[in-house]
Amino acid sequence: MSTATLQKTNGKSSAARPKQGKLPSAKAKIAKAKDERIDAKSPSPGRTDSFPIEQNIIGGRMVASASGETLPVIAPGDGNVFAEIASGTAEDISRAVTAARRAFEGGWGRLTAIERGRLLLKLSQAVLDYASDLAALESRDTGKPISQGKADVTALARYLEYYGSAADKLHGETIPFLNTHLVSILRVPHGVTGHIIPWNYPVQIFGRSVGAALAAGNACVVKPAEDASLSILKVARLALEVGFPEGAMNIVTGLGRTAGASLAGHPGVDFISFTGSPQTGTFIQSAAAQNHVGVTLELGGKSAQVVFADADLESLMPVVVNAIIQNGGQTCSAGSRLLIERSAYERVVEAVGKRFAALRAGPPERDLELGPMINAAQKRRVETYLAAASEDHLETVASGTIVKDAPKGGYYVPPTLIGQAPATHKIVQEEVFGPVLTATTFDDEADAIRLANGTPYGLVAGVWSRDAKRSLRVARKMRAGQVFVNSYGAGGGIELPFGGFGRSGHGREKGFEGLREFTTTQTLVMAHG
Ligand code: ADP
């Protein structure tokens, strides 16, 4: 059991409260290491700066990486190091998988569904009790504006509440068979589940994935993203404090190509849940295939907002803008393509452009519309797409601003609206993962459907029209896992199944579909005749 404690909401200190880090000499080296995903050994001999080191959580204990190595944690808002995390190895993953197996076959596995549910509900309450600290940490670690950090922590509590309440409502079926036999289909957990989590919504994705897996009775090994692990480590400590048996939830931090790859390919893991880039998704699925285990892949998106000329401009405006700037556009389900009926194009683009021009990017604690990108590589990626648009003479309709007092070392980019973007251009086809919205015209319903479905992705779509029949016709033709009519949720809704078509991945998370994903069935046939 962990001895670390957190301060309740509005309290001051936590066990390892991050310090402001100023590292003039080492900063450049460490930032480079992070950007290029190179292991950074630290603290290095003679280095006087010291940061809190957050350890792995394996079998209910906080432990250093088997290699003793750590990775720097950089605040995207200013580019400064403020903590260190364990750089997990294959050895750490093996220990975590062994601890999870022991829990699954032991204390955790023996609990009833009701008991598992109650623990998740307790954890949900603990998350709310410590919401301020968790939100501040999430915001600092990811760069998202503080109110978005708070919203993410509230969503985590709600995921835990939802899946905690659902644990004892997940039941099997009976099947008519021979009159001499009774057949039951039992819903059983996979066993040990691996969870590889990205940096854009750490606590939310932890909630929907680990919350569902635990409710279904699995024991978990979690590999958070190297860019944003801190909030997940804190939540796992809270889980120990509220009484989760040791080994039910194990956290190994570290790099994707070491800790992540070891988890994806570990023969002791029975199922993998992954959210991240399509490229990494391919690695994960290939690694899992070596052990013939299932995977859920929630990958990228290039989601379209289809706006017909009769749409209610006033109500769509804030939703359409928020759908691309939330979390700086670093959202798989960001509404990144605006498709507008030709007759309304000028009117809609002018109104959206006005809003874009008023957007500000700045430090997370200023709580503006946008924070920084997660790291220098992500900032470069967005800038590269904008440069390609400019080289090809695409029109920049409007850009927001980076506030003057934004620290120079932070990874800020201005939100940008690109007009008359050809549907075939890479900025329209590829996932930018930044605050860049493109606007393209369409001529009729068929054209709108063709363009909306005209990328390799299929995660979310929005349809805006006052004509209910047309909205439904178009919505049902969308190749997307979620379709919103006259609204848009960026994957929103804890209760709503979420996942992709095509290159956006497969499997479903959230809602009851997400819970079933963490189970398999066992057919039990009993002769009585
Ligand atoms: P991004 O490029 O946006 O960081 P990734 O898909 O690379 O997105 O990262 C999502 C998660 O996948 C992170 O936890 C990362 O460490 C992990 N990851 C990256 N590469 C691999 C890999 N080869 N095998 C397993 N996990 C990986």
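Read the numbers this way: they start at 1 and go in the same order the structure lists the ligands and their atoms.
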*Asks:* Looking at CD1 of Ile251 and NZ of Lys234, how far apart are the two atoms once the value is rounded to the nearest 0.5 Å?
*Replies:*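 That separation rounds to 13.0 Å.
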*Asks:* Anything under 3.5 Å between a donor and an acceptor, one on a side chain of residues 385-392, the other on a protein residue two or more places apart or in another chain? List them.
*Replies:*
residue, atom, partner, partner atom, Å
Tyr385, OH, Glu430, OE1, 2.6
Asp392, OD2, His425, NE2, 2.7

*Asks:* Ignoring angles and geometry beyond distance, decide whether Thr280 reaches within less than 3.5 Å of ligand 1 through its nitrogen or oxygen atoms.
*Replies:*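 Min N/O separation from ligand 1 is below 3.5 Å for Thr280.
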*Asks:* Does the cation-pi check pass for Arg140 over Phe82, that is, NZ or CZ under 6.0 Å from the six-membered ring centre and within 45° of its axis?
*Replies:*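 Yes - Arg140 lies over the ring of Phe82, closer than 6.0 Å to its centre and within 45° of its axis.
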*Asks:* Going by the order shown, which atoms of ligand 1 are within less than 4.0 Å of some heavy atom of Pro224?
*Replies:*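 Checking each atom against Pro224, I get 14 (O).
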*Asks:* Near Gly276, which atoms of ligand 1 are under 4.0 Å from a heavy atom of that residue?
*Replies:*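 With Gly276 as reference, the close atoms of ligand 1 come out as 6 (O).
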*Asks:* Is the shortest distance from a heavy atom of Trp199 to ligand 1 less than 4.0 Å?
*Replies:*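 Distance cut 4.0 Å: Trp199 passes for ligand 1.
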*Asks:* Number the atoms of ligand 1 from 1 as they appear, then name those within less than 4.0 Å of a heavy atom of Phe274, with their elements.
*Replies:*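 Taking each heavy atom of Phe274 in turn, ligand 1 has 6 (O), 10 (C), 11 (C), 12 (O) under 4.0 Å.
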*Asks:* For a ring-ring contact (aromatic ring centres under 6.0 Å, His included) check, start with the C-alpha distance between Trp199 and Phe433, then their side-chain angles and the critical distance, and finish with the verdict.
*Replies:* CA-CA 12 Å; Trp199 44 258; Phe433 226 55; 5.7 Å; yes
*Asks:* Any salt bridge linking Glu383 with Arg380? Criterion: basic side-chain nitrogen under 4.0 Å from a carboxylate oxygen.
*Replies:*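 No, this pair does not count.
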*Asks:* At less than 4.0 angstrom from any non-hydrogen atom of Ile196, what atoms of ligand 1 do you find?
*Replies:*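 Near Ile196, the atoms of ligand 1 are 11 (C), 12 (O), 14 (O), 17 (C), 26 (N).
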*Asks:* Indicate, as side chain, backbone, both or neither, the part of Ala287 found under 4.0 angstrom from ligand 1 when only non-hydrogen atoms are considered.
*Replies:*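 Under 4.0 Å from ligand 1, Ala287 contributes no heavy atoms.
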*Asks:* Measure Ser277 to ligand 1 on non-hydrogen atoms and call it side chain, backbone, both or neither using the 4.0 Å cut-off.
*Replies:*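 Both parts.
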*Asks:* Identify, with sequence neighbours excluded, every residue that meets side chain to side chain contact (heavy atoms under 4.5 Å, CB included) alongside Ser273.
*Replies:*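 So Ser273 forms a side chain to side chain contact (heavy atoms under 4.5 Å, CB included) with His195, Ser209, Glu509, Phe518.
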*Asks:* Out of the candidates Gln482, Glu513, Lys510, Arg508, only one should pair with Leu496 under the side chain to side chain contact (heavy atoms under 4.5 Å, CB included) rule; please name it.
*Replies:*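 Running side chain to side chain contact (heavy atoms under 4.5 Å, CB included) over Gln482, Glu513, Lys510, Arg508 with Leu496 returns exactly one hit, Gln482.
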*Asks:* So if I count the atoms of ligand 1 from 1 in the order they appear, which ones are less than 4.0 Å from some heavy atom of Ile284?
*Replies:*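 The atoms of ligand 1 under 4.0 Å from a heavy atom of Ile284 are 25 (C), 26 (N).
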*Asks:* Find all atoms of ligand 1 within a distance of less than 4.0 Å from any non-hydrogen atom belonging to Lys223, and give their numbers and elements.
*Replies:*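 Per the distance check, 13 (C), 14 (O), 15 (C), 16 (O).
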*Asks:* Under a 4.0 angstrom heavy-atom cut-off, which atoms of ligand 1 come close to Gly260?
*Replies:*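 Answer for ligand 1: 24 (N), 25 (C), 26 (N).
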*Asks:* Geometry only, no angles: is Ile197 polar-contacting ligand 1 at N/O separations under 3.5 Å?
*Replies:*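 So ligand 1 has an N or O lying under 3.5 Å from an N or O of Ile197.
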*Asks:* Give me the ring orientation class for His190 and Phe271: parallel if the planes are under 30° apart, tilted from 30 to 60°, perpendicular past 60°.
*Replies:*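 If you compare the ring of His190 with that of Phe271, the planes turn out parallel.
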*Asks:* Please state whether the rings of Tyr159 and Tyr163 are parallel, tilted or perpendicular, taking 30° and 60° as the class boundaries.
*Replies:*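 The rings of Tyr159 and Tyr163 lie parallel, inter-plane angle below 30°.
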*Asks:* Quick check: does Gly256 get an N/O under 3.5 Å from an N/O on ligand 1?
*Replies:*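 N/O-N/O distance below 3.5 Å exists for this pair.
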